[in-house]
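The structure appears right after this line, and notes come after that.
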Amino acid sequence: MDFKQRVFEACKRIPKGRVATYSAIARAIGNPKAARAVGNALDKNRSSLVPCHRVIRSDGRAGGFAHGTKEKIRLLRKEGVKIRNGKVQGKRFELLNP
DNA sequence: GACCTGACTCAAC
DNA sequence: AGTTGAGCCAGGT
C-alpha cells in the first residue's frame with residue numbers, strides 16, 4: 001500500500017461531523033512527522049473520493065483547499081462542526097493506528 | 001540520486 | 001498575536 005493510499009484510508013474513516021489534523025493522520029499511518037506529506041497526498045486527491053475537507057491544521061485552521069478554506073469551512077459547519085472565525089472550535093477527532 | 005515544491009508543525013523573536 | 005526559520009516527508013522533475 002502506498003503512503004497516499006494509507007492517507008486516504010485514514011481520511012475515509014473520519015466520522016461525519018468530526019475533523020482530524022494532518023498530524024493525526026500522519027500519526028495514524030505511522031509517520032508522526034509526515035504531516036506535510038499527508039497534505040501532499042491529499043493534494044493529489046483533492047476533490048476526489050475522500051472527505052479531505054475534514055482534515056485541518058493543528059492550529060484549528062482549515063489550511064489550503066481547492067475551493068478555498070471558506071468553502072471547506074462551510075461544508076464542515078454543515079456537517080455539524082463548530083467553527084468560529086475560520087477556526088474549528090469543536091473537539092478534533094483522533095485517529096488510531098491501523 | 002539530488003533538487004525543488006507544497007493542503008504542515010514547532011519553537012523563537 | 002503575526003512573522004520567520006528550521007525540520008520532516010512524499011512526489012515530481
Side-chain angles (χ1 to χ4, degrees):
Chain A
M1 199 70 96
D2 287 334
F3 177 83
K4 35 185 183 183
Q5 285 291 311
R6 277 179 291 186
V7 173
F8 298 154
E9 295 288 316
C11 288
K12 279 187 205 160
R13 60 182 204 194
I14 302 175
K16 186 165 91 96
R18 280 289 147 95
V19 290
T21 63
Y22 292 97
S23 299
I25 303 277
R27 192 157 6 96
I29 65 181
N31 290 328
K33 314 287 187 210
R36 214 167 178 171
V38 170
N40 225 343
L42 289 176
D43 181 37
K44 281 144 183 114
N45 190 69
R46 288 206 163 193
S47 341
S48 272
L49 343 157
V50 294
C52 29
H53 57 270
R54 294 188 193 145
V55 186
I56 61 173
R57 286 176 49 149
S58 61
D59 51 351
R61 272 199 153 283
F65 193 61
H67 290 301
T69 54
K70 289 227 165 231
E71 202 61 35
K72 183 170 176 177
I73 287 167
R74 211 175 309 175
L75 281 167
L76 290 173
R77 246 215 286 229
K78 222 179 260 285
E79 293 191 348
V81 181
K82 290 199 179 357
I83 296 172
R84 195 175 106 172
N85 203 18
K87 306 236 173 96
V88 175
Q89 293 299 309
K91 219 170 176 274
R92 301 191 295 274
F93 178 72
E94 277 291 337
L95 287 100
L96 281 74
N97 289 42

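Just so we're clear, the structure is a prediction, and the values are computed from it rather than from any experiment. Protein chains get the first letters and strands the later ones, always in sequence-line order, with residue 1 at the start of each. Both backbone and side-chain heavy atoms feed into the values below; hydrogens, waters and symmetry mates do not.
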Legend entry - Among dA7(B), dC8(C), dT9(B), the one nearest Ser23(A) by side-chain distance: dT9(B)

Inset, instruction - Using atom CZ of Arg27(A) as one end and atom P of dC9(C) as the other, report the distance to the nearest whole Å. - result: 16 Å

Inset, instruction - Kindly point out which of dT9(B), dC8(C), dA7(B) is positioned nearest to the side chain of Lys72(A)? - result: dA7(B)

Inset, instruction - Could you tell me whether Asp59(A) and Arg57(A) have a side-chain N and a carboxylate O separated by less than 4.0 Å? - result: yes

Just the atom pairs and distances: protein N or O near nucleotides 11-13 of chain C's N or O, under 3.5 Å.
from    : atom 1 : to       : atom 2 : distance (Å)
dG11(C) : O4'    : Lys44(A) : NZ     : 3.3

Legend entry - Between C1' of dA7(B) and CZ of Phe65(A), the distance in whole Å: 9 Å

Inset, instruction - With heavy atoms under 4.0 Å as the rule, sort Ala37(A) into base, sugar-phosphate or nothing. - result: base

Legend entry - Asn31(A) vs dC8(C): side-chain N/O to OP1/OP2 distance below 4.0 Å: no

Legend entry - Val50(A) with Phe3(A), same ILVMFWY side-chain cluster at under 4.5 Å: yes

Legend entry - For atom CD1 of Ile56(A) and atom P of dC8(B), their distance in whole Å: 12 Å

Inset, instruction - Find the distance Asp59(A):CG to dA11(B):P and express it as a whole number of Å. - result: 13 Å

Inset, instruction - May I have the distance from Ile29(A) (atom CD1) to dC8(B) (atom C1'), rounded to whole angstrom? - result: 13 Å

Inset, instruction - Answer yes or no: side-chain N or O of Arg57(A) and base N or O of dC8(B) forming a donor-acceptor pair under 3.5 Å. - result: no

Legend entry - Common cluster, Leu95(A)/Val19(A), ILVMFWY with side-chain heavy-atom separation under 4.5 Å: no

Inset, instruction - Flag yes if Phe93(A) and Val88(A) sit in one hydrophobic cluster, no otherwise; membership is Ile, Leu, Val, Met, Phe, Trp, Tyr, and two members link when side-chain heavy atoms are under 4.5 Å apart. - result: no

Legend entry - side chain to side chain donor-acceptor pair (under 3.5 Å) against Arg36(A), all qualifying residues, sequence neighbours excluded: none

Inset, instruction - Starting at atom NZ of Lys87(A), determine the distance to atom P of dA1(C), rounded to an integer number of angstrom. - result: 9 Å

Inset, instruction - Take the protein atom CZ of Arg36(A) and the nucleotide atom P of dA6(C), then report the distance between them rounded to whole Å. - result: 13 Å

Legend entry - Cationic N near anionic O, under 4.0 Å, Lys12(A) to Glu9(A): yes

Inset, instruction - For dC10(B), take OP1 and OP2 only and decide whether either is under 4.0 Å from a side-chain N or O of Ser58(A). - result: yes

Legend entry - same_hphob_cluster(Ile73(A), Phe65(A)) at 4.5 Å side-chain heavy-atom cutoff: no

